[in-house]
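Everything below concerns the one structure shown next.
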There are 2 protein chains.
Amino acid sequence: MRLTTKGRYAVTAMLDLALHKSQGPISLSDISSRQAISLSYLEQLFSKLRKSELVSSVRGPGGGYELKRGSDEIYIAQIIDAVDESVDTTKCQGAGDCQGGETCLTHYLWEDLSEQIHAFLESISLADLVAKNEVKKIADNQDRRQIIVTEMSAALAL
Amino acid sequence: MRLTTKGRYAVTAMLDLALHKSQGPISLSDISSRQAISLSYLEQLFSKLRKSELVSSVRGPGGGYELKRGSDEIYIAQIIDAVDESVDTTKCQGAGDCQGGETCLTHYLWEDLSEQIHAFLESISLADLVAKNEVKKIADNQDRRQIIVTEMSAALAL
DNA sequence: CTAATCTTGACTAATTCACTAGGTTATTCG
DNA sequence: CGAATAACCTAGTGAATTAGTCAAGATTAG
C-alpha cells in the first residue's frame, strides 16, 4: 500500500465525479478547472481508472466520464490501487538467505501494517466520504472523533 | 500523510533497533546487512531520526544508535513524519477563489481521510508491532482481524 | 459533411527517490 | 600516540515518478 499524491489526485477526481453524478458525463476539463489538476495528468489517471472498470467514458461533444458503479460501491482502496500500481514491497522474494530470517520478519511487520491500512481504505466508499462531509459541518471535533471510531470499528468487523 | 518506501525503510530500521535494544548501541552497518538497506541511505535517514529525537547516537568503536525512548513510546507516525517531511497537501492555501468552495471541499475530504490514517499510525508503537508478531504466529486470520479491530478502536478513543 | 467536443496515446521536462562516493570528526583500543 | 571504528556531512548520480505538451482519433451537433 502506497499513499502518494498520485492517489490523492485520483480520489479527488473521483470525488468530483461522485458529487456531480446527477449531471451526466463530466468532462475532464471541468474536473481540471474545479479541482486544479492539470488536464493531461487527469487524462493519464482516467486511462487507468477506465481500465480498472471504475469509470466509463463517453466520447464526443457532451461526453466525459461517469462512475461505472454507484458511489457506494466504489472504495478508496480500489481507486488508489488502480493508479498506483504497487511494486513488490518485500525485496527479498526468495533472495537467498532471507527465508523466515530476521530480514523477512521486519518486512512482514511492515506489510501487515500496510494491509491494515488497505483494509481500512477498502471499507470506505466515495459515498461514505461525501456523507461524512455533511455530518462534519455540524459536528464539532469531539463528535467527529467519535464518528471516526465508529466507522473504523464497523469497517473492520466485516 | 504520505506512505512511501522511504518511510518503510525508516520503520524497518527502527524495528531492527527495537528488536536488538538489549545489545546496546547498534551500528548502521549491522542494520544495513540485516535489512538489506544501503549504509549511506541509512545515514541520511538516521540523521533525520536523530534530529527528531527518536534515536541517540554513540560515536567511536562499539558505537551506534539506540532508541531514545522505550519502544512502547515511539509511534510509527513519528518515524514517518521524521523522514518524510510532508508538503502542503492543500495547494489552494488562500489561492483566490477557493474559499470554502467546491475545490476545498474535495481537498478537505481527502485530508480528513489522511488524518484518520495518521491517527491510526500514531496509536501503534514499535512495541505493538513486535508484540503483535508474537501473537500472529499462533493466531489464525480471523483472530488477527479481531485484534486489528480492537487496536483501531482503542487507538482512536484517546 | 463539417466543425466542435472530448477521449486516447505517445512524447517530453521537472522533480523526487534511492543510492553512491567522498570526506571529516569523535572515540576506543592496542 | 596512532590505528581502527563508527557517526556525521556534503555533493552528486541514475532511475522512477510526477506533471505537462502535443498530436492524433472518435463522436455528436448542426
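Throughout, protein chains are lettered first and strands after them, A, B, ... in sequence-line order, and every chain is numbered starting at 1.
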Exercise for review: Answer yes or no: does a side-chain N or O of A:T5 lie under 4.0 Å from OP1 or OP2 of D:dT17?
Suggested key: no
Check your understanding: Which ring-ring contact (aromatic ring centres under 6.0 Å, His included) pairs, counting each pair once, include a residue from residues 21-41 of chain A, with sequence neighbours left out?
Key -> A:Y9-A:Y41
Point to revise | Donor-acceptor contact present, side-chain A:T4 to main-chain A:G7, <3.5 Å | key: no
Practice item. May I ask you to verify if any side-chain N or O of A:R8 is less than 4.0 angstrom from the OP1 or OP2 atom of D:dT18? Key: no
Review point. With side chains defined as the heavy atoms from C-beta onward, is the minimum distance between B:I76 and B:L126 less than 4.5 Å?
Key: yes
Exercise for review: Step by step, work out the side-chain contact (heavy atoms from CB on, under 4.5 Å) result for B:M1 and A:I117.
Suggested key: CA-CA 12 Å; B:M1 192 74 207; A:I117 295 172; over 6 Å; no
Review point. Can you list every salt bridge (charged side-chain N to carboxylate O under 4.0 Å, His left out) pair that touches residues 49-60 of chain A, not counting sequence neighbours?
Key: A:E53-A:K68
Practice item. For B:Q78, enumerate each residue passing the side-chain contact (heavy atoms from CB on, under 4.5 Å) test, keeping only those at least two apart in sequence or located in another chain. Key: B:L54, B:R69, B:I74, B:Y75
Review point. Do A:S47 side-chain atoms and A:E43 backbone N/O form a donor-acceptor pair below 3.5 Å?
Key: no
Exercise for review: Verify the contact: side-chain N or O of A:Y9 to OP1 or OP2 of D:dA19, cut-off strictly under 4.0 Å; return yes or no.
Suggested key: yes
Practice item. Given side-chain hydrogen bond (donor to acceptor under 3.5 Å, both in side chains), test B:S29 with B:S27 step by step and report yes or no. Key: CA-CA 5 Å; B:S29 57; B:S27 74; 3.1 Å; yes
Exercise for review: Take the protein atom CG of B:L3 and the nucleotide atom C1' of C:dC17, then report the distance between them rounded to whole Å.
Suggested key: 15 Å
Practice item. Would you kindly give the CG-to-C1' distance between A:L17 and C:dT7, to the nearest whole Å? Key: 14 Å
Point to revise | Sorted by number, the residues of residues 22-31 of chain A with heavy-atom contact under 4.0 Å to DNA chain D | key: none
Exercise for review: Scan residues 42-57 of chain B against DNA chain D and write down, sorted by residue number, each residue with any heavy atom closer than 4.0 Å; if none is found, say none.
Suggested key: B:E43, B:Q44, B:R50, B:S57
Point to revise | Any donor-acceptor pair under 3.5 Å from A:D16 side chain to A:A13 backbone | key: no
Check the interface with nucleotides 24-26 of chain C: list each N/O to N/O pair with the protein under 3.5 Å, or write none.
unit_1: C:dT25; atom_1: O2; unit_2: B:R59; atom_2: NH2; d: 2.7

Review point. What integer distance in Å separates B:L39:CG from D:dT5:P?
Key: 14 Å
Exercise for review: Calculate the interatomic distance between B:K68 atom NZ and D:dA7 atom P; express it in whole Å.
Suggested key: 16 Å
Exercise for review: Would you please test A:L121 and A:I79 for side-chain contact (heavy atoms from CB on, under 4.5 Å) and show each step?
Suggested key: CA-CA 10 Å; A:L121 292 180; A:I79 300 172; over 6 Å; no
**Study point:** Hydrophobic cluster membership, B:L49 vs B:V58, 4.5 Å side-chain cutoff
**Key:** no
Review point. Within less than 4.0 Å of OP1 or OP2 of D:dT17, is there a side-chain N or O belonging to A:Y41?
Key: no
Review point. Would you say a side-chain N or O of B:Y65 is under 4.0 Å from OP1 or OP2 of D:dC8?
Key: yes
